[in-house]
There are 2 protein chains.
Amino acid sequence: MILNNRKVSEKTIRRLSHYARCLRHTRIKGKEIVTSEYLAKRCGISSAGVRKDLAVFGEFGKQGSGYDVLGLLANIEKILGTGKPLHVIVIGAGNIGYALLKSGLEGTGGYHYTAIFDSDPEKQGKICAGIAIQPMAELRETIRELGEVIAVIAVPDGEGQECVNQLVEAGCNAILSFVLEPLDIPEGVKLRYMEISTELDILTHSMMRTGRIGR
Amino acid sequence: MILNNRKVSEKTIRRLSHYARCLRHTRIKGKEIVTSEYLAKRCGISSAGVRKDLAVFGEFGKQGSGYDVLGLLANIEKILGTGKPLHVIVIGAGNIGYALLKSGLEGTGGYHYTAIFDSDPEKQGKICAGIAIQPMAELRETIRELGEVIAVIAVPDGEGQECVNQLVEAGCNAILSFVLEPLDIPEGVKLRYMEISTELDILTHSMMRTGRIGR
DNA sequence: GCGTGTGAACCTCTTCACAGCG
DNA sequence: CGCTGTGAAGAGGTTCACACGC
């Protein structure tokens with residue numbers, strides 16, 4: 001097994017995440033072996049693509065039959081670094097932050113919402129989905145206790161950069177942002193965005209091109 | 001001006017959406033001219049990339065100075081089909097659906113949450129962010145009234161496919177899904193996913209590769 | 001001089017087709 | 001025989017470098 005540390009494209013990693021989700025679902029159905037064609041169909045790509053993605057990291061399949069569901073899932077989780085518990089903290093106890101915590105992260109393979117923070121003293125101490133809302137001042141201490149965390153930020157527009165600064169300062173180096181402002185981060189910190197409006201734009205453009213709307 | 005109907009990659013469309021967001025922000029600051037370098041820095045790509053993206057659709061810039069903020073924004077919105085009002089309806093008045101409606105779509109360039117639906121009779125009739133929760137039975141009628149819509153689905157796991165079926169049946173052909181199940185759609189219907197768990201996986205992998213966590 | 005628009009080089013990713021193994 | 005793993009071909013996207021126009 002290789003499980004190498006080579007540079008792999010984000011596209012490949014994204015697809016591995018999809019394979020993992022698909023395999024978890026397949027596992028529940030009791031199926032023990034899948035083919036590259038099976039994963040391909042369910043993830044919307046070609047079977048050669050699936051095999052290429054997996055071949056980067058090792059030879060996980062059995063020729064003539066396919067891939068062992070449990071074994072392949074374990075390997076993909078090893079590649080991604082998922083599968084073991086990992087704490088996710090939420091910054092901003094507004095509508096989105098609240099909804100995320102209440103929705104939970106069941107079936108995602110190890111992630112759990114562990115803490116929520118808000119700069120508004122009014123909200124601090126209140127309970128959300130069984131977790132007390134903490135003041136930002138406790139960020140550093142909490143992250144120190146939890147160890148590695150991913151922070152999801154869902155603060156009002158305009159407060160994103162300050163929030164990121166505090167997170168970085170507190171030792172967090174992985175952030176998922178629902179805030180759309182372009183955020184500055186130091187070297188080494190990982191940042192990604194959830195952009196509903198961009199997805200809507202892509203859908204709109206697609207509708208227009210196929211002539212569904214006259215624009 | 002070309003504004004052609006050629007096939008353009010999703011990557012390009014996604015970047016145009018970012019340019020548009022950036023330009024709206026720039027407009028507020030009162031800046032009237034921007035260079036490709038300016039947009040590039042703020043969107044995290046190369047200036048040549050920005051120029052290539054725009055050149056696909058026409059010659060929007062002035063050599064020696066740059067791009068007119070208002071003019072370029074208008075052109076990009078024309079390309080994307082955005083800028084004019086477009087109704088967004090939400091299916092599922094759970095945590096996420098509720099939060100989306102309350103958060104609104106300010107500053108996104110024309111989108112508005114107009115209606116929300118839920119199959120639970122308990123929730124129907126209740127008011128969320130000023131909008132009454134409607135039963136699924138009214139889907140077709142509402143879509144007929146609104147004209148073109150994009151539907152955002154935020155229903156519980158396992159109910160996604162049934163929800164999509166009803167939407168398609170009711171005449172909706174653009175869907176943004178917070179549900180992670182692989183959803184079947186007929187030819188011509190556009191479907192995209194918001195996948196928090198995939199973004200977390202990408203962050204986790206990235207952390208692992210850079211040696212931040214030992215996994 | 002400055003910044004756009006663009007052909008050409010470069011690089012990456014995807015698809016194809018098949019050898020090889022169970 | 002069926003399906004994986006993979007070199008080779010092809011497609012697509014990005015970067016480079018510079019001519020051109022303001």
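Numbered from 1 within each chain, the chains take letters A, B, ... in sequence-line order.
- Listed by chain and residue number, A:N165 satisfy the side chain to side chain donor-acceptor pair (under 3.5 Å) test with A:Q161 (two or more places apart in sequence, or in another chain).
- For the pair A:T26 (side chain) and A:C22 (backbone), a donor-acceptor distance under 3.5 Å is present.
- Note: CD (A:E59) to C1' (D:dT6) measures 10 Å, nearest angstrom.
- For A:S17, the side chain to side chain donor-acceptor pair (under 3.5 Å) partners are B:T198, B:D201, not counting sequence neighbours.
- By the salt bridge (Lys or Arg N to Asp or Glu O under 4.0 Å) test, B:E106 pairs with no residue at all, sequence neighbours left out.
- Across residues 22-41 of chain A, A:T35, A:S36 each have a non-hydrogen atom less than 4.0 Å from an atom of DNA chain D (numbered order).
- Looking at A:H18 and A:R42, their side chains never bring a donor and an acceptor atom within 3.5 Å of each other.
- Atoms CG (B:L72) and P (C:dT4) sit 11 Å apart, rounded to a whole Å.
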Reading nucleotides 12-22 of chain D 5' to 3', which nucleotides get B (base under 4.0 Å from a protein heavy atom), which S (sugar-phosphate only), which -? -SSB-B--BBB

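- Of the N and O atoms on the side chains of B:S103 and B:Y113, not one donor lies less than 3.5 Å from an acceptor on the other residue.
- Listed by chain and residue number, B:R24 satisfy the salt bridge (Lys or Arg N to Asp or Glu O under 4.0 Å) test with B:E77 (two or more places apart in sequence, or in another chain).
- As a whole-Å value, the separation of B:F57 CZ from C:dT4 C1' is 17 Å.
- Remark: A:K31 is positioned above the aromatic ring of A:Y38, its terminal NZ or CZ atom under 6.0 angstrom from the ring centre and at most 45 degrees off the axis.
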